[in-house]
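Structure, as C-alpha cells:
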Amino acid sequence: MGGTQFHNEIASGAVISGNVVLAGTVTGGVHNYHFTEPGRSAPYEVPEISPEQAREFFETACRLEMDWADEVPFPEIRELLYAAARAGHADAMARFGLFIEGRLHAALTGADIDPTALDVEAAMRWYTRAAHLGSPIGALYLGQVHEDHYGNPGEALKWYSKAADAGLAAARSRRDGLRERLELGLGNLAGRKEFGRRAPSERKPMPRKSDFDRWVEDDWNGSEPMAIAYCLGELSETSGGPHGEWGVLADQEQIALLKHFTALHPTSVTLPAVAFEYYQNIGKGNLREFAGKLVTGRVPKPEDLAPVWALQKREGRVSTLRFSYTITLAVQDYDWLTALLAGFADQPRADLTLREYALRLTLITRELHHRRDSAIPTADNTEDRWEFFPIFTPEQLQDVLAHADHYAADPATPQDLRGLWTRIAAALNAAPAHPFP
C-alpha cells in the first residue's frame with residue numbers, strides 16, 4: 001500500500017490522512033470500504049497484510065477515535081482493529097480487546113459499562129496475547145481485568161509492573177496506587193470487585209447474573225417470550241418447518257431442542273446463522289434421534305454444534321446490524337450471482353476460519369434465493385432490470401463485494417464473467433440501505 005490519501009466521510013469536513021482507503025458512498029449508516037489491494041473489500045475477510053500495513057490500520061483506527069463529530073464510527077474502528085490484530089499487531093490486539101470489553105465505547109461516549117462474563121473472557125484473551133507479545137497497553141489492560149473484574153491484586157500488580165517498566169505512565173499510576181492501598185489495608189477501589197477472588201487461570205466461573213437473563217435483557221429488550229418465540233420460529237423453519245422434519249417431533253422433543261439451542265444465546269441479527277449451523281451439524285434426518293438423546297442428557301454441548309458462532313463470540317465479532325438493500329440487476333445476473341456464490345460455499349473446507357467463511361456464503365446464497373420471488377421490475381424495466389431486496393449484515397454485503405471486486409479485476413477471469421462481476425459490484429455499491437429491525 002503506498003501513501004494513498006483517504007477521506008473519512010463520517011462527519012462533514014473530517015478528512016484524515018492514511019494508507020487505507022475508505023471509499024464508496026455512505027448509505028443508511030453503512031460504510032462500504034475497500035482496502036487498496038485489488039480484490040480486498042471486506043475487513044472481516046482478514047486481508048493478507050504486512051506488519052507495516054497492520055501498523056497503518058491500527059493508527060488509522062486510533063485517529064478515527066479522535067476525529068469524529070456527530071457519531072463515533074465504531075464499525076470502522078472495530079474492523080480496522082480486528083484486521084490489524086489478526087495480522088499480529090500487538091497493540092491492535094489490546095485495543096480490540098478494549099472494544100470487546102466495552103471500555104472503548106465508555107471512554108468515547110461517557111456511557112457506563114457492564115460487560116458480561118463472556119465479554120470479559122473474550123477481551124482477556126486478546127489482552128493476554130498482546131501482553132505476551134510485548135505490548136505495554138496489553139499488559140495494562142490485563143492488569144485492569146485482574147483488578148477490576150477478578151479482584152486479584154497479585155496478578156494485577158505483575159502486569160501493571162510490566163507495563164510501567166516499559167514506560168507506560170498510566171500503568172505506573174495504577175501500580176503505585178494499588179501498592180499503596182494494599183500497604184494501608186484499604187482494599188479495592190470503590191465500586192470494584194472485592195480482593196481475594198479466584199484468578200481466571202483457575203478456571204472458576206465468575207459470579208454473575210444468569211447468562212440466560214443477560215441474554216434476554218441485552219439482546220431481546222428484556223422480553224423472554226419474544227426471545228423464545230423467535231428462536232422457536234427460526235429453529236423450526238431451518239429444520240423443515242411444521243410439515244417437514246420439525247413436524248415429526250413430539251412436544252417434549254421440541255422443547256428439549258429449543259432449550260438446548262437457546263443456551264447458545266443467539267442475537268436477533270445472528271439467529272438465522274446460528275440456527276442453520278446448529279441444524280447442519282446435527283445432520284438432516286437426525287433431529288428426532290438427537291432430540292431423544294437430549295431427553296436423556298447424552299448430547300454434546302450446544303457450542304460444539306455451533307463452533308463458528310462460538311468462535312465469533314470468543315473473538316467479539318458478533319454482527320449487530322442488518323439492512324434491507326435495494327439491488328438493481330437483471331434477473332439473469334441475479335441468478336448467476338446466487339449460483340456462483342453457492343458454488344464457492346459448497347467447496348469442502350476443514351479449517352474453522354474457512355468453514356466460517358463458507359457458512360457466511362451459504363447464508364448469503366439462501367437469502368438471495370429467498371428474496372428472488374419478491375423482486376419487482378424497475379419503473380422503466382429496461383434490459384429486464386429488477387429491484388431485489390435481500391436483508392444482509394454489513395459484513396455479508398462486504399463478502400459479496402469482495403468476490404465481485406476480485407473477479408472483476410482479475411485478468412484470469414473470463415471476459416464474460418468479468419463483465420458479470422463488474423455489473424454486480426456496481427449494483428452493490430449503488431444499493432440504498434435501510435435499517436432492518
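- The distance from atom CG of D333 to atom OG1 of T422, rounded to the nearest 0.5 Å, is 10.5 Å.
- A heavy-atom distance below 4.5 Å is found between the side chains of P307 and N281.
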Let's go through H406 and W421 carefully: what are the C-alpha distance in whole Å and the side-chain angles of both, what is the deciding distance for side-chain contact (heavy atoms from CB on, under 4.5 Å) to 0.1 Å, and is it a yes or a no?
CA-CA 9 Å; H406 174 75; W421 286 113; over 6 Å; no
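- T270 contributes atom OG1, which lies 7.5 Å from atom CG of D219 (distance to the nearest 0.5 angstrom).
- How far CZ of F276 is from CG of L363: 6.0 Å, rounded to the nearest 0.5 Å.
- Residues Y230 and S268 fail the side-chain proximity criterion, which asks for heavy atoms closer than 4.5 Å.
- Once rounded to the nearest 0.5 Å, the distance linking CG of L271 with CH2 of W309 reads 9.5 Å.
- The shortest side-chain heavy-atom distance between L417 and L420 falls under the 4.5 Å cut-off.
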Apply the test side-chain contact (heavy atoms from CB on, under 4.5 Å) to residues L305 and E277: give CA-CA distance (whole Å), side-chain angles for both, the deciding distance (0.1 Å), then the verdict.
CA-CA 7 Å; L305 294 169; E277 185 186 15; over 6 Å; no
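- Under the 4.5 Å side-chain criterion, counting only non-hydrogen atoms from C-beta, D399 is in contact with I364.
- A side-chain donor-acceptor contact under 3.5 Å links H149 and E101.
- Aromatic ring centres of Y407 and F344 lie closer together than 6.0 Å.
- With values rounded to the nearest 0.5 angstrom, R360 atom CZ is found 11.0 Å from Q398 atom CD.
- Under the 30°/60° scheme for interplanar angles, the aromatic rings of Y357 and H403 are found to lie parallel.
- At a threshold of 4.5 Å between non-hydrogen side-chain atoms, the residues I391 and F323 do not count as touching.
- Here the side chain of T338 pairs a donor or acceptor atom with the backbone of Y334 at under 3.5 angstrom.
- With a 6.0 Å radius and a threshold of 12 heavy atoms from other residues, nucleotides or ligands, K313 has its NZ atom above the threshold.
- With no hydrogens or angles considered, no side-chain donor-acceptor pair links R78 and Y82 at under 3.5 Å.
- Closest approach of A425 and L401 over heavy atoms only: O-CD2, 4.1 Å.
- The distance from atom CZ of R371 to atom CG of D373, rounded to the nearest 0.5 Å, is 11.0 Å.
- F392 is listed as a side-chain neighbour of L368, based on a closest heavy-atom distance under 4.5 Å.
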Working for ring pair (Phe, Tyr, Trp, His ring centres under 6.0 Å), residues H132 and W126:
CA-CA 10 Å; H132 284 294; W126 287 104; over 10 Å; no
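- Among residues at least two apart or in separate chains, side chain to side chain donor-acceptor pair (under 3.5 Å) pairs with a member in residues 88-100 are E65-R95, D91-S135, R95-Y141.
- Inter-residue side-chain proximity for M93 and T128 is flagged as unmet; no heavy-atom pair is nearer than 4.5 Å.
- For the side chain to side chain donor-acceptor pair (under 3.5 Å) test, no residue two or more places apart in sequence or in another chain qualifies with R366.
- You'll find the side chain of N152 stays beyond 4.5 Å of the side chain of E147, heavy atoms only.
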Is there a side-chain contact (heavy atoms from CB on, under 4.5 Å) between L257 and Y279? Walk through the geometry before answering.
CA-CA 10 Å; L257 276 165; Y279 178 63; over 6 Å; no
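- Residue F389 qualifies as enclosed at atom CZ: its count of foreign heavy atoms under 6.0 Å is above 12.
- Nearest heavy atoms, W220 versus T267: CZ2-C, 3.9 Å.
- Donor-acceptor pairing under 3.5 Å is lacking for the side chains of T365 and T362.
- Between W246 and L287, the shortest heavy-atom contact is CE3-CD2, 3.8 Å.
- Exactly one of V145, I100, D148 qualifies for a side-chain contact (heavy atoms from CB on, under 4.5 Å) with V120. That residue is V145.
- Residues that satisfy the salt bridge (charged side-chain N to carboxylate O under 4.0 Å, His left out) test with D335, not counting sequence neighbours, are R372.
- Listed here is the closest heavy atom pair of V269 and L321: CG1-O, 3.8 Å.
- More than 12 heavy atoms of other residues, nucleotides or ligands lie within 6.0 Å of CD in E387, so this atom counts as buried by the packing criterion.
- There is no side-chain donor-acceptor pair under 3.5 Å between H434 and Y325.
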